Amino acid sequence: MPWPVAHLVLGSAWLVGASAGSLALGALLGVRILAPRHRFGLLERRRLRAYHRAETKNLAARLPVDGDLGSETHEERLRAGYGFVGPSFSASGSLRDDAPIVDALADVLRSGEKVMLMGEPGSGKSLVAGLVFARLADEFAASPRKAPCPVFLHLNAMRPDTRPADSGATRAEEQAAWLRDQLAAEVALPEPRRLARQLARGRVVLICDGLDEAPVMRSPHLLTSIVPEPLFGLFQAPSLLTSRTAFYSIYVDATRLMSGFTSTGRLLPLRFEDQGERFLRWYAEARGRADLAGQLVKVIGGNPSLREVVARPLVLRMTAEVLLDLIADDHQADSFLTVGHGAETSAVYSRYIDTWLQREQEKEPSKLTWWQKGQLIECVAWEIFSKSLASGRGWGHFELKDLLVEGDELRRITERWLASSIRVEGGVDEICREIADRSFLIISSDRRRYRFAHKSFFEFCVARHVVGCLDERRPGLRAARAELLVHPLPDEVIDFVRELLAAVTADPERRAATEATFLAILADVDIDAGTGQLMAAQQAANLAPIVAGQETMERLRSGELFNEHPFLQRAVAVADALHHDRHELLDEFVKRMERDHEAESFHMGYNRIYYGDQAFGDGQWLDDNHPECGRFFRASIRHLTSPAYRYIRVMDLYSLRTLLGNPDRRRYLVGHEAPTLRNLAGLLDEPDPVLGEEYDRQRLLLRAEIRALLPDRSPRSAAG
């Protein structure tokens, strides 16, 4: 081959090789730039910033007033729309209580730790979680190479899929794949192997809202099923997890599942004179009626019961809107709520929901009237409630995690409702679109599943459905209303039911019809026919005293209606204490339990089933004598420290004595709850003369039993 040709061939080969090498090197560098091993790449950062903007917009969609769309940061926009007044809180671990709560939580998460945030319903847990998310999203946008990336998990919309088939992936990679799948509709996270590394290095922060609403994958009777397994595994990363206080203290804190959450925060009630008044002034100004702020403050400040209600930010916001609308329309806002009748919270919820539906009705023509839409929404809530009970998951979790309703389920519910309704025009699809797209109460998460905007609205709608159905004017159908009561209503729902029934007493016709329904149920149900019939009678006996006239109340107290069955006698005694501040019947029932094993067994079995320590079966609510008792114990402690349960404390004292009287349960409580027992012994030092001699006797007996089990070994005691 001539030299010029050879040079040409060799040169071409060199160029091809160099080009191929450059391409390979470029591809390798491109991969490292676009998807680095230990941090987010350029395209990933772009996707994550878009996700942060969309999620903040989703959170802002629930703003009570329009947020400042011109705000520069996600956090500013949320604060502007919510008129956020930082709540007071108690803290433990690395969480400081000497700084604003959003600052304090963000600091803990940046340091790579995990924190549990607890509060009562409507105390602002979700809003605080959203503000922390927005703060961290702003920091990630400003410095994506250094700041961690937040992701927000709405646990009530979580899909608790079963574990995938063995694919050879590590456990961390399986958990990363689960997280990736949960957020697939919102953002494309890195592939599982890389995402697992990001989680392990603290490059991702989990903001998980609503532990008490998370669907579980196994029987709730098992302690380990409180937290879905894939989610629990992810808590190795920096995490913020919110939960209702009662759920945490009864169902979670008694286990060791959350031992990794070494920092906790508890949201405290708002102080009306400071935080409440400040919010009302902001709200009136945001609505363009700053001149009415003084009237809002005066109306709420002059109603002691209402002032207690608005200690929760959610109810404060709803009350502000309800009262402002009344005042603006020249209504007497101070007459909207009767001072001290005990149904203020339900009155606010009811008026707020109805007003919202009426406003939606005015926006465009609708196939339903606003009150028909309200009825349908209540039916949806009841169907969700019934579905969770029929799932076979047990009786322990009355927090009702099944807040989701699939699109086809919503369609079936609507079809049944339309078939039983008159004067309703429009097809099923049209009606479903209306309640999904134009109702505050039901929102679509992914256009296939629907959920209530806030768990307390779901609970209120279940309660309003029950109370509305109990107001049965047709005598022939009253006994059939027992179907509403065959399953125990959860605490949160029963609180609303009791308030709504208290409001019913103001209307003579409604009160008489509801009283007659309860009497028909008590007269008709066969308490020997099964657990459901006995539960229906028990709940009717427990709720009837709220609406009962004098004659009916005397019949209930005498036991004439149910031959002094211990379960039903207990129900009336508890109702008399809770609603009439009379402890005499309950004192007698406690004395009966001391000599009547069946009465004691009904009391203990029902509570252990209700709080999840005992599986539900065919045992007529009787105690199975198994040692598990932590949840019932914690619920009893909660009653003893809550003013709302003051008049039933004698029964809680006896419950604790009975738990300690069982050798296996005593061993468990001494081993797991010794600090709480010691604190309880100190609490029992103080008498309560209002509660009478039986309370004092039970108090002294329990105190002596605890001190015999756990003698005080403090230095002061030894010196004495």
Side-chain angles (χ1 to χ4, degrees), residues 219-223 250-251 254 389 392-398 485-491 494 525-543 559 562-575 577 585-586 588-640 645 648-669 673 698 702:
S219 167
H221 183 59
L222 301 174
L223 290 177
I250 295 174
Y251 295 109
L389 295 176
R393 290 178 175 168
W395 294 92
H397 277 218
F398 289 112
L485 306 175
V486 296
H487 300 302
L489 298 170
D491 282 344
I494 207 72
V525 296
D526 181 0
I527 59 178
D528 297 320
T531 52
Q533 292 290 293
L534 182 56
M535 176 49 58
Q538 192 272 157
Q539 292 201 125
N542 181 258
L543 296 172
F562 35 76
N563 299 320
E564 297 192 358
H565 188 288
F567 199 30
L568 306 187
Q569 185 188 51
R570 175 192 178 279
V572 175
V574 169
L585 278 182
L586 203 53
E588 292 303 313
F589 182 72
V590 168
K591 293 175 184 177
R592 176 177 178 176
M593 285 195 287
E594 288 187 320
R595 65 179 186 273
D596 182 347
H597 174 72
E598 184 186 39
E600 181 183 87
S601 186
F602 268 112
H603 169 69
M604 300 300 290
Y606 169 69
N607 278 284
R608 292 186 65 249
I609 292 169
Y610 190 92
Y611 292 110
D613 287 328
Q614 177 176 325
F616 178 71
D618 297 323
Q620 288 284 302
W621 307 98
L622 294 170
D623 190 3
D624 65 5
N625 293 313
H626 289 172
E628 195 170 332
C629 62
R631 295 168 179 171
F632 179 23
F633 171 81
R634 287 175 173 265
S636 299
I637 296 296
R638 181 168 169 260
H639 288 175
L640 288 173
Y645 296 99
I648 67 168
R649 287 176 182 171
V650 65
M651 187 169 67
D652 291 304
L653 295 178
Y654 184 81
S655 300
L656 294 170
R657 286 188 58 215
T658 306
L659 291 176
L660 291 173
N662 180 298
D664 292 332
R665 293 171 182 171
R666 180 172 63 245
R667 191 178 304 113
Y668 173 85
L669 293 175
E673 302 287 354
Q698 295 292 337
L702 179 58

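It should be emphasised that the depicted structure is a prediction, and the values quoted were computed from it without experimental measurement.
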For side chain to side chain contact (heavy atoms under 4.5 Å, CB included), just list the numbers for Trp621 and Gln538, CA-CA rounded to whole Å, side-chain angles, deciding distance to a tenth of an Å, and then say yes or no.
-> CA-CA 11 Å; Trp621 307 98; Gln538 192 272 157; over 6 Å; no

Kindly determine whether Leu640 and Leu656 satisfy side chain to side chain contact (heavy atoms under 4.5 Å, CB included), including the steps that lead there.
-> CA-CA 11 Å; Leu640 288 173; Leu656 294 170; 3.6 Å; yes

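- Looking at His626, its side chain never comes within 3.5 Å of a backbone N or O of Glu628 through a donor-acceptor pair.
- In this view, Arg667 and Asp664 satisfy the salt bridge (Lys or Arg N to Asp or Glu O under 4.0 Å) rule, not counting sequence neighbours.
- Interatomic distance, Ile609 CD1 to Met535 CE, rounded to the nearest 0.5 Å: 8.0 Å.
- Of the possible donor and acceptor atoms, none in the side chain of Arg665 sits under 3.5 Å from a partner among the backbone N and O of Gly630.
- Applying the side-chain contact (heavy atoms from CB on, under 4.5 Å) criterion to Glu564, with sequence neighbours excluded, gives Arg592.
- Between Phe632 and His603, the angle of the ring planes goes over 60°, which puts this pair in the perpendicular group of the 30/60° scheme.
- A donor-acceptor pair is defined here as one N or O able to donate and one able to accept, closer than 3.5 Å; such a pair exists between the side chain of Gln539 and the backbone of His487.
- Contact check for Phe589 versus Val574: no side-chain heavy atoms found under the 4.5 Å cut-off.
- Rounded to the nearest 0.5 Å, atoms CG (Leu586) and CZ (Arg570) are 8.5 Å apart.
- Atom CE of residue Met604 and atom CG of residue Asn625 lie 9.5 Å apart, to the nearest 0.5 angstrom.
- The SG atom of Cys629 sits 11.5 Å away from the CZ atom of Arg666 when rounded to the nearest 0.5 Å.
- Residues Pro566 and Phe602 form a side-chain contact, since some pair of their non-hydrogen atoms from C-beta on lies under 4.5 Å apart.
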Please lay out, stage by stage, how Leu660 and Leu702 fare under the test side chain to side chain contact (heavy atoms under 4.5 Å, CB included).
-> CA-CA 9 Å; Leu660 291 173; Leu702 179 58; 3.9 Å; yes

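- Leu568 approaches Ala537 most closely through the heavy-atom pair CD2-C, 3.6 Å.
- What you find for Ala575 and Asn542 is that their closest heavy atoms are CB-O, 3.0 Å.
- Residues Glu594 and Tyr654 bring no donor and acceptor atom of their side chains to less than 3.5 Å of each other.
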Side chain to side chain contact (heavy atoms under 4.5 Å, CB included) evaluation trace for Leu534 with His565 = CA-CA 10 Å; Leu534 182 56; His565 188 288; 4.0 Å; yes

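- Distance check, rounded to the nearest 0.5 Å: CZ of Arg631 to CD of Gln614 gives 12.5 Å.
- When atom types are taken as modelled, the side chain of Asp613 and the backbone of Arg608 share no donor-acceptor pair closer than 3.5 angstrom.
- Note that CD of Glu673 is 11.0 Å distant from CG of Leu659, once rounded to the nearest 0.5 Å.
- Residues Ile494 and Leu543 meet the side-chain proximity criterion, which asks for heavy atoms closer than 4.5 Å.
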